[in-house]
Engineer: 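Sharing a structure with you now.
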Amino acid sequence: MKETNKLLLIDGNSVAFRAFFALHQSLERFINHDGLHTNAIYGFKKMLDNILATVQPTHVLVAFDAGKQTFRTEKFAAYKQGRAKTPSELSEQFPFLKKMLSAYGIISYELTNYEADDIIGTLAAQAELQDFQVTIVTGDRDLTQLATTKTTVAVNQKGVSEIEKYTPAHVQEKYGLAPAQIVDLKGLIGDNSDNYPGVTKIGEKTGLRLLHQFGSIEGIYQNLDQLKPSKMKENLINEESTAFLCKDLAQIRRDAPIEIKMDQLKWDGPDLKSLREFYLAMDFRSFLRQMAVDGQFQDQQVTADQEQVTYQVLEQTKLASLPVVPAQVTFYLEMSGENYHNAEFAGFAIKVDDKFYVTRQTELLKQAPLKNWLENQETSVNLFDAKRTIIGLRRLGIHLQRVAFDLLLVSYLLDTSDNSNDLGKLAQQHDYYLVASDEEVYGKGTKYAIPSKDSRLFEHLCHKVRAIAELQQPLLAKLEANQQLELYLKIERPLTFVLAEMEIAGIKVDPQKLKMISSKLIEQLSDLEKAIYNEAGEEFNINSPKQLGVILFEKLKLPVIKKTKTGYSTAVGVLEKLRGMAPIVDHILKYRQLAKLQSTYIDGLLKVISAKDQKIHTRYTQTLTATGRLSSVDPNLQNIPIRLAEGRQIRQAFVPSHAGWKIFSSDYSQIELRVLAHISHDQNMQAAFKAGADIHASTARQIFGLADDAKVTANLRRQAKAVNFGIVYGISDYGLSQNVGISRQQAKKFIERYFEVFPGVHQYMQEIVKKAHAQGYVETLFKRRRYLPEIKSKNYNLRSFAERTAMNTPIQGSAADIIKVAMIRMQQALQANHLQAKMLLQVHDELIFEAPADEIPRLEELVPGIMDSAVDLEVPLKVESAYGDTWFEAK
DNA sequence: TTCATCACG
DNA sequence: ACGTACGTGATGAAA
């Protein structure tokens, strides 16, 4: 059987451009020892590996543009004129890019008078005749005109890894056109970047409409009499020759005089030796290491002295010869699996002075001197992920008390958007390449396994420890340069210990209570299911949005309100609009609500109640969110239902762990708006908080122009509340209009009025965006940073998103800072006051405790007192408390 | 694995 | 003419 030939054609200029701009913000990080920029080469290589692996071509060619003069400039002198000049940082990379391709064994090709597009078009046509499957890779959508049943056009999206594949069907779906009609469209609407005009006043909308009606530019001119008289028609008549010229310019040639034969494009993989030399020249250490890991240069030990680390395998008999109280150790405890509350121990490595010790026998940690190293007050311990380590060690009976450097935590503080949890990947972000990622060593998914070969595990663990030790000084220096040392030392590092205690404590959950709720739910669900099948006239999977869509919008012919990219939307908002049109809608809504409770909160929670202590031990992720909030996983205890009565019952299952104890809860009231009042210095908003007013009602009076003592209707208060929320999120008229269910114009008026009433807020919003633009990041009250590179994007959506983020992050993030400070002080206060009460949970603006009933009166003083004095703002912080026998009652 | 949906602040 | 409210995590379906 003969295998199909597969030809891969790459538009070299266009992909290099994409790669260059995708990594533009890291431009200065990608410079090799000769001062050459390498970001486009790097991105190109990533894309190339990706596409080679997915396509597995038999033949490959990369086409480049030959120069400015082409047959198109002869036909139309202004073609591609006025284009910004290629930045020198990019053009210097092209010769090296071609070098790399040659090391890959791939032909680079260019042709005088023609563009890369035409080379690709011509070769694709030839290959199709020989029954090849063709894949074209480009950053330029114009090439989609080449899509056929045999040719797929893969268009690079914003990054280098995301691609969108255009088949004729996809072109049809996207534009309602056949690929061949793309040129007619370009002829009508022109192309800004290629600098040809198209027909005046015809844009994509009109162009598509005309083509759907007449099929082609020729078709339009043959049927001009069918068009009603209009300015557009006049333009069409006046600019007929332009339309045809532009169509011709857009047409990719399929008959360029190419000398090269298909056989010459045959690809048999890279020349590893040349590739290695190339990476060395480019300083692509990660790719070199990848090659080493893949065993691609076993014959050469060039990187071996760097790669290898000398270690001793630790054994019982060696313990006695170890130092007693070293000043500093670097330690890594490995477990098999994510959940450190119960994951199996896999081994540990520890560096003391310049020696590395490693073993699988974690039991050795329980003995001297190792236990003492970790527990004494004189040795500073350097780690990666202190919380994981603290909890792991606690399971071995070891109380780690002092952490000097936590690589994971420090790295997160330096850049909250770079939140990988993998030591190897994270080290790379800091230009350290001598440690592999866990995925590389352990595999992932079903293949995940701790290596059985000692040397493989031991090397990896020692590499990790070495990375922590090596990165300590430079990263702490960066923290200091950012003025973030205090954030680390006074907030995040102590918080790690607080969170560890909360996680270890866990919260008791009564499975019987959950099962009681469940039996009622199951009954209701079965009734609803019957009603829905009856109303639909058939049985189907109600949980499948796809099947549900068919029933609602095809069988029952309900109007389509919104579409998702895969089909009809059946989200709540849509169903609510369909309410009253058919009884099935209400039943589906109810079914959804209850099914969610059953699957996520009944079945989900039952699964994670520990058999040992009947408790749930969540894990708080301290190094994930871009704003500085915590998140909670496995299970998420920060989204237990409360808004609807049915779901709220779940909270009845959360109980104290001792008889006679209570659940106690305190939450900040309107903390985000108070933070906003503080950082914006808005006098009016501050006055409202100082007066202890109902802020949403007060906002309503002001923006709707009511008297100070006027009664505010529920509806006006609701609208004002939505505006307040919108302000915190970085307002847009569209978002507000959707949320409140008013017109966009109306929403816009509300916002304008809001900014008139709260001019300080208005000014803050403008200034924070300006500041983000100028410095590239925004900060919270305690100097937590979030970088917003996209604020400089030319893409409206990306830029707008970054702008809203700039407005929101200091607010959300400062609120997160504040409760973190409160948590640290809270833990200290409970200890200092010798209370048995334990802090168990944090839900962003709320702390939940369990305590003996007789401690409740003291907590009612202590907790709010600590929370509202955590920081000194220009407005007071308000805290509300409640308690009861279960979490349900503590509200 | 990715998508749509829905739970929380 | 565009298409958005900010921050999360878990689930079931479908590829």
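In what follows, every chain begins at residue 1, and chains take the letters A, B, ... in the order their sequences are listed.
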Engineer: Kindly say whether, by distance alone, the side chain of A:Tyr796 makes a donor-acceptor pair under 3.5 Å with the base of C:dG3?
Structural biologist: yes

Engineer: Taking NZ in A:Lys562 as the centre, count heavy atoms belonging to other residues, nucleotides or ligands within less than 6.0 Å. Is the count above 12?
Structural biologist: no

Engineer: So, is A:Ser732 near the phosphate of C:dG3, with a side-chain N or O under 4.0 Å from OP1 or OP2?
Structural biologist: no

Engineer: When only distance counts, do a donor and an acceptor, one from the side chain of A:Arg643 and one from the base of B:dG9, lie under 3.5 Å apart?
Structural biologist: yes

Engineer: For B:dC3, take OP1 and OP2 only and decide whether either is under 4.0 Å from a side-chain N or O of A:Thr566.
Structural biologist: no

Engineer: Is any side-chain N or O of A:Thr570 closer than 4.0 Å to OP1 or OP2 of B:dT5?
Structural biologist: yes

Engineer: Using the P atom as the point on both nucleotides, what is the distance between B:dC6 and C:dC2, in whole Å?
Structural biologist: 27 Å

Engineer: Are OP1 or OP2 of C:dC6 and a side-chain N or O of A:Arg804 less than 4.0 angstrom apart?
Structural biologist: yes

Engineer: Do A:Gln638 side-chain and B:dC8 base share a donor-acceptor contact under 3.5 Å?
Structural biologist: no

Engineer: Looking only at side-chain N and O atoms, does A:Lys387 offer a donor or acceptor that is under 3.5 Å from a partner on A:Tyr340?
Structural biologist: yes

Engineer: I want to verify a distance call: between B:dA7, B:dA4, B:dG9, whose nearest atom is closest to the A:Tyr729 side chain?
Structural biologist: B:dG9

Engineer: Checking A:Thr699 against A:Arg717: is there a side-chain donor and acceptor pair closer than 3.5 Å?
Structural biologist: no

Engineer: For B:dT5 versus C:dA5, give the span between their P atoms, rounded off to a whole number of Å.
Structural biologist: 14 Å

Engineer: Distance check: side-chain N/O of A:Ser599 vs OP1/OP2 of C:dA10, anything under 4.0 Å?
Structural biologist: no

Engineer: Less than 3.5 Å apart, any donor N or O on the side chain of A:Glu164 or A:His170 sitting next to an acceptor on the other?
Structural biologist: yes

